[in-house]
Amino acid sequence: MDKVFQPADIERKWYERWEQAGYFAPQGDGQPYCIMIPPPNVTGSLHMGHGFQEAIMDALIRYQRMRGSKTLWQVGTDHAGIATQMVVERQLEAQGIKRADLGREKFIEKVWEWKEQSGGTITRQLRRMGASTDWSRERFTMDAGLSNAVTEVFVRLHEEGLIYRGQRLVNWDPALHTAISDLEVVSEEEQGSMWHFRYPLADASGHLVVATTRPETMLGDTAVAVNPHDERYQHLIGKMIKLPLTEREIPIIADDYVDKEFGTGCVKITPAHDFNDYEVGKRHHCPLINIFTADAIINDNAPEKYRGLDRFAARKQVVADLEALDLVEKIEPHTLKVPRGDRSGVVIEPWLTDQWYVDAKKLAIPAIAAVENGDIQFVPQQYENMYFSWMRDIQDWCISRQLWWGHQIPAWYDNSGNIYVGRSEAEVRAKNNLGDAPLRRDDDVLDTWFSSALWTFSTLGWPEQTADLKTFHPTNVLVTGFDIIFFWVARMIMLTLHFIKDENGVPQVPFRQVYVHGLVRDAEGQKMSKSKGNVLDPIDLIDGIDLESLVAKRTSGMMQPQLAAKVEKSTRKQFPEGIAPYGTDALRFTYYSLASTGRDIKFDIGRIDGFRNFCNKIWNATRYVLSNCEEQDCGANGDSDYTLSLADRWIISALQRTEAEVEKAFAGYRFDFAAQAIYEFVWNEYCDWYLELSKPVLWDETADPAQKKGTRRTLIRVLEATLRLLHPLMPFITEEIWQRVAPLTGRTGDTIMLQNYPLADETRIDAGAEADIAWLKAVILGVRNIRGEMNISPAQEIPLLLRNGDAEDRRRSAANATFLKKLAKIASIDWLEVDAEAPLAATQLAGSMELLVPMAGLIDKGAELARLNKEIDKLGKELEKLEGKLGNSDFTARAPAEVVAKEREKCLSLQTALTQLKNQQQAIAAL
RNA sequence: AGGACCGUAGCUCAGUUGGUUAGAGCGCCACCUUGACAUGGUGGAGGUCAGCGGUUCGACCCCGCUCGGUCCUACCA
């Protein structure tokens, strides 16, 4: 074995073997356990958030698989309608081709080509993460089976009246030419203006002042509203306004929507271009005048002068014209929230169109109940509030998109404008006796999230009642980010409850738990984004990347190329050496250690460094173990001709405790606890102490062969169990090492993946051994402390005197003399009688036993006094606090007896210790 | 406007029903190439747990307020 662990040498090898051997497929007849991967964009690539998410799912899956569950991790990808269509459109535009020139069919062909070409990237990257997904079942949201499920759901919901077509205001993206849902609109505060316009009364008796942030929409105004209780305007209600720049007269109406205190208390009402105005207009039967084309250009409903201007040009023109008419009262700077499309980035326009909707209010009722009654639990639980607040005020879901890439809506129109919904044109014709009358299919496609909402059951073969569906549905846990709780999680819950029933007809939830993880941010807590240039690619952390390549990668293909110089500078500063190859295991372990309670995580490159070192520690511990165990009898044949030493019994006991901790951590999705427990066991117990304790035994020519065998047996077996314990978190290094370690323990099997997971055995917890080792550690630490603080060279062997010990101390010191001598570099150990004259010595306490290292020639009096004073000071303060507490009669009277007793005991031992230290201090000071 | 979360060592974070000498990793200081590992070993320094008030015998933990930060939802034209 190399002296340093080289992850690159082993990872691909093991992954290929696992996949080829079919280890990722469900096996056995254990309890089913299933996780559905949140399908990544088929043409996308892996980012840190994916890496984190996959790492978590893979840990759960490997853990359950090793625990004997019939485990399925369903993998697949999403067609990502808008995102993918945009990418392909941009590529075509670069060649001077427009989507419209190509036509629908040809364009979709191009998208499929792009999917074939780039679709393998993310699945390759998933493999690099070690994800043990069942690739034989890989699905795509637009493959035949899933498309069939989409059609089925649409048709059935339509039959039930839960999908309908309606004309209303939608969020219209004028760049993408499609409606988008509320969730796809992001509103950010931006600097704008508030324009105050004078609207003259039709009878020329005066004017009202309206305030607006969108002057151009005044061309579509159909009323001015005031509050019904506003004294200032009561007399005007019902009168008419002569709308400037148009020839129209519009009424002054009264509506509670208007806030008397805000602005002038008069609101222009533009029902066709504002969601609030739309509602007001509906109440007062105001006409809707749509003044925009699909590109947000003024259309023919507006006065001729403005036609053909885009909305921003129209705004300027309207303001200029009103100014010319002296109708502008004032213009104030104003911050407002501007709605923009999350994909296109352009300002979204409320626009009147025909769209398809899902009646979400009805579907939400059982979906709310399922979380309320605990059928579905969120981890951490506080996300349930977020879920409830959204679901209880849910709006109907606009599911149609004016795109080409996606599931085309299964609806047909005849020439009279009748709508027919069905599984196919043939079905529609037959069912409605349409003969061969001309039918036109709806051009629109469905929101990508519509097919995603069916993911847990469409991937298992629904609408067929498949065996897989019966076995794996409901799935166990959904692992996801909070950012898509509304987009995805809520909709999955609604549609699954509606369509999937168990054999008794009871609605099934899609998953029993939702584990919500935080966002992965950069070391400064900033969101990772291409334009900030702070994106880390998990694959670069695994394989490493040199500085020049990293800079090139971060600055290429930027939406805003002017930022490139800045990105380059910060990259060179942060990674002067590029990024080292850390390997998948170190990256994964870093994720786990940071995955605490669903909070966002700041990913600091320094963290992964430490866990790369951890890999190396395991690697080298293995080298030590193998060098002592290979070609030796380690008890693989099951013979019992060995004896277990104190250290053996102790490390076995400690292993049980670690196993119990890890089990608890997994049950609570506390991957940080699991990682920490194993890390501590491996490094602080197994390596720091047990390996050191094994050396005096294994290197002693004269030692009892049964004892040596016991130690070898324990060394190798504890290591082997630890590898299994660690495997779900670090799959590659554990497999690599296990292959060499397992045979020495007598274990057989082709892979660690399918071995049983180590579970704590209570009967092997050995409190006696633990107490003895704790004593041993305390003594060694005491001596090391003296050595360290007194600056005694580590090479120098020193004598140790013991005083004031009880029978247990004497037994332990006798039994462990070899260990003490070796680990603390002690030349001799002798007991001092209590009344005997002690030589001048540096002192430490181990319980009530005093450790004395004679000072002759070794120790500096001043330094020892300082050390003693420091210790006396510390204990003194603590004692003072304790005595105060015990002197408080309220405490002794009211606190539980056992708490009081514990404090008394503590107080007593502190007093003794303090006395001993003070005596020693006097003795030294007296010299 | 409503709601959620957060504020613990220089940095990043743990701290599970209130009783611990408040912990870890990294960083820092000192010493050490000892036969698994310098991606290492040994020892050490470092915290008024944001602030104030309350409940309690006892508060990092429970309650209230204040300050600071993050996010979500809804938005006033």
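Below, chain A is the first sequence line, B the second, and so on; all start at residue 1.
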Could you check A:Lys602 against A:Asn613 and say which one's nearest nucleotide on RNA chain B is further toward the 5' end?
-> A:Lys602
A:Cys687 side chain, from C-beta outward: closest of B:C57, B:G44, B:A36 = B:A36
Where does the angle between the aromatic ring planes of A:Phe589 and A:Phe614 fall among parallel (under 30°), tilted (30 to 60°) and perpendicular (over 60°)?
-> tilted
Is a side-chain donor or acceptor of A:Asp585 paired with a backbone partner of A:Ile733 at a separation under 3.5 angstrom?
-> yes
Compare side-chain N and O positions of A:Asn888 against OP1 and OP2 of B:G58 and report whether any pair is under 4.0 Å apart.
-> no
If the P atom of B:U73 is compared with that of B:C63, how far apart are they to the nearest Å?
-> 26 Å
Please state whether the rings of A:Phe486 and A:Trp390 are parallel, tilted or perpendicular, taking 30° and 60° as the class boundaries.
-> parallel
Ignoring hydrogens and geometry, is there a side-chain-to-backbone donor-acceptor pair from A:Asn534 to A:Lys527 under 3.5 Å?
-> yes
Taking only side-chain nitrogens and oxygens of A:Arg670, does any of them come within less than 4.0 Å of OP1 or OP2 of B:G15?
-> yes
Side-chain donor-acceptor pair under 3.5 Å between A:Asp182 and A:Asn171, yes or no?
-> yes
So what does A:Glu692 touch, heavy atoms closer than 4.0 Å: a base, only the sugar-phosphate, or nothing?
-> base
Could you check whether A:Arg612 gets within reach of a base, just the sugar-phosphate, or nothing at all, counting any heavy atom under 4.0 Å?
-> base
Quick check: are there more than 12 heavy atoms from other residues, nucleotides or ligands sitting under 6.0 Å from NZ of A:Lys902?
-> no
For A:Lys3, answer base if it contacts any base atom (sugar-phosphate contacts may also be present), sugar-phosphate if it contacts only those atoms, and nothing otherwise; contact means non-hydrogen atoms under 4.0 Å.
-> sugar-phosphate
Round to the nearest Å and state the distance from A:Ile798 atom CD1 to B:U42 atom C1'.
-> 13 Å
For nucleotides B:C49 and B:C37, find the distance between their P atoms and express it as a whole number of Å.
-> 44 Å
Step-by-step ring pair (Phe, Tyr, Trp, His ring centres under 6.0 Å) determination, A:Tyr383 to A:Phe378 | CA-CA 6 Å; A:Tyr383 285 105; A:Phe378 281 73; 7.4 Å; no
With sugar-phosphate meaning primed atoms plus P, OP1 and OP2, does A:Lys822 contact a base, only sugar-phosphate, or nothing at under 4.0 Å between heavy atoms?
-> nothing
Which nucleotide in the set B:C31, B:C57, B:A14 lies at the smallest distance from any side-chain heavy atom of A:Pro794?
-> B:C31
Which part of the nucleic acid does A:Phe611 contact within heavy-atom distance under 4.0 Å: base, sugar-phosphate only, or nothing?
-> nothing
Whole-angstrom distance between B:C29 and B:A9, as gauged at atom C1' | 15 Å
Consider the side chain of A:Tyr257, meaning its heavy atoms from C-beta on, and name the nucleotide among B:C37, B:U42, B:A77 that approaches it most closely.
-> B:A77
Rounded to the nearest angstrom, tell me the gap between atom CD in A:Glu188 and atom C1' in B:C75.
-> 15 Å
Does the aromatic ring of A:Trp699 sit over the six-membered base ring of B:G35, closer than 5.5 Å centre to centre and tilted less than 30°?
-> yes
Can you figure out which of B:C31, B:A36, B:G19 approaches the side chain of A:Asn791 most closely?
-> B:C31
When all nucleic acid strands are considered with a 4.0 Å heavy-atom cut-off, which category describes A:Lys664: base, sugar-phosphate, or nothing?
-> base
Could you measure between the two P atoms, the one in B:U48 and the one in B:C52, and give it in whole Å?
-> 13 Å
Assess the side chains of A:Tyr624 and A:Ser694: does a donor N or O sit below 3.5 Å from an acceptor N or O?
-> yes
Between B:A77 (P) and A:Tyr233 (OH): distance, integer Å | 17 Å
Which of these nucleotides, B:C57, B:U39, B:G41, is closest to any side-chain atom of A:Pro896?
-> B:C57
Could you please name the option among B:C57, B:U21, B:G19 that lies closest to any side-chain atom of A:Lys874?
-> B:U21
May I ask you to decide if A:Arg214's main-chain N or O and A:Thr212's side chain share a donor-acceptor pair within less than 3.5 Å?
-> yes
How is A:Lys825 classified with respect to the nucleic acid when contacts are heavy atoms under 4.0 Å: base, sugar-phosphate, or nothing?
-> nothing
Is the shortest side-chain N/O distance from A:Lys885 to OP1 or OP2 of B:G19 below 4.0 Å?
-> no
Of B:A77, B:A36, B:G41, the nucleotide closest to the side chain of A:Asp259 is B:A77
With a 4.0 Å cut-off on heavy atoms, is A:Phe614 in touch with a base, just the backbone sugar-phosphate, or nothing at all?
-> nothing
Please state how far atom CZ in A:Arg894 lies from atom P in B:U55, giving the value in whole angstrom units.
-> 13 Å
Quick one: is A:Lys337 getting a side-chain N or O under 4.0 Å of the B:A74 phosphate, OP1 or OP2?
-> no
Distance between the C1' atoms of B:A14 and B:U20, in whole angstroms?
-> 14 Å
Side-chain contact check for A:Lys617: nearest option of B:A77, B:A14, B:G41 is B:G41
Phosphate contact (B:A77 OP1 or OP2) by A:His334 side-chain N/O below 4.0 Å = yes
In whole angstroms, how far is the C1' atom of B:C75 from the CG atom of A:Asp393?
-> 12 Å
Kindly point out which of B:G19, B:G41, B:A77 is positioned nearest to the side chain of A:Trp683?
-> B:G41
Distance, rounded to the nearest Å, where A:Leu823 contributes CG and B:U42 contributes P = 10 Å
Run the side-chain donor-acceptor check on residues 874-887 of chain A: report pairs under 3.5 Å with partners two or more places apart or on a different chain.
from, atom 1, to, atom 2, distance (Å)
A:Glu883, OE2, A:Gln911, NE2, 3.0
A:Lys885, NZ, A:Glu903, OE2, 3.0

Here the distance between atom C1' of B:G44 and atom CG of A:Leu781, to the nearest Å, is 12 Å
Would you mind telling me which residue lines up with the more 5' stretch of RNA chain B, A:Glu903 or A:Thr213, judged by nearest nucleotide?
-> A:Glu903
Looking across every strand, which nucleic acid part, if any, lies under 4.0 Å from A:Asn785 by heavy atom: base, sugar-phosphate, or nothing?
-> sugar-phosphate
Report the distance from atom CD of A:Glu384 to atom C1' of B:C5, rounded to the nearest whole Å.
-> 16 Å
With P as the reference atom in both, quote the distance from B:U56 to B:U16 in angstrom, rounded to an integer.
-> 23 Å
Sugar-phosphate only, base, or nothing, as touched by A:Ser389 at under 4.0 Å among non-hydrogen atoms | nothing
If we take the C1' atom in both B:C28 and B:C11, what is their distance in whole Å?
-> 12 Å
Please tell me which of the listed nucleotides, B:G41, B:A36, B:G25, lies nearest to the side chain of A:Tyr679?
-> B:G25
Residues A:Thr658 and A:Glu661: side-chain donor-acceptor under 3.5 angstrom = no
P-based separation of B:C65 from B:A1 [nearest Å] | 16 Å
Is a donor on one side and an acceptor on the other found under 3.5 Å between the side chain of A:Asn616 and the backbone of A:Val4?
-> no
Stems with RNA chain B, 3 or more Watson-Crick or G-U pairs in a row (under 3.5 Å), are B:1-7 with B:67-73, B:10-13 with B:23-26, B:28-32 with B:40-44, B:50-54 with B:62-66
Could you check whether A:Asp277 gets within reach of a base, just the sugar-phosphate, or nothing at all, counting any heavy atom under 4.0 Å?
-> nothing
Give a yes or no on whether a donor-acceptor pair under 3.5 Å exists between the nucleobase atoms of B:U42, that is its base, and the side chain of A:Arg784.
-> no
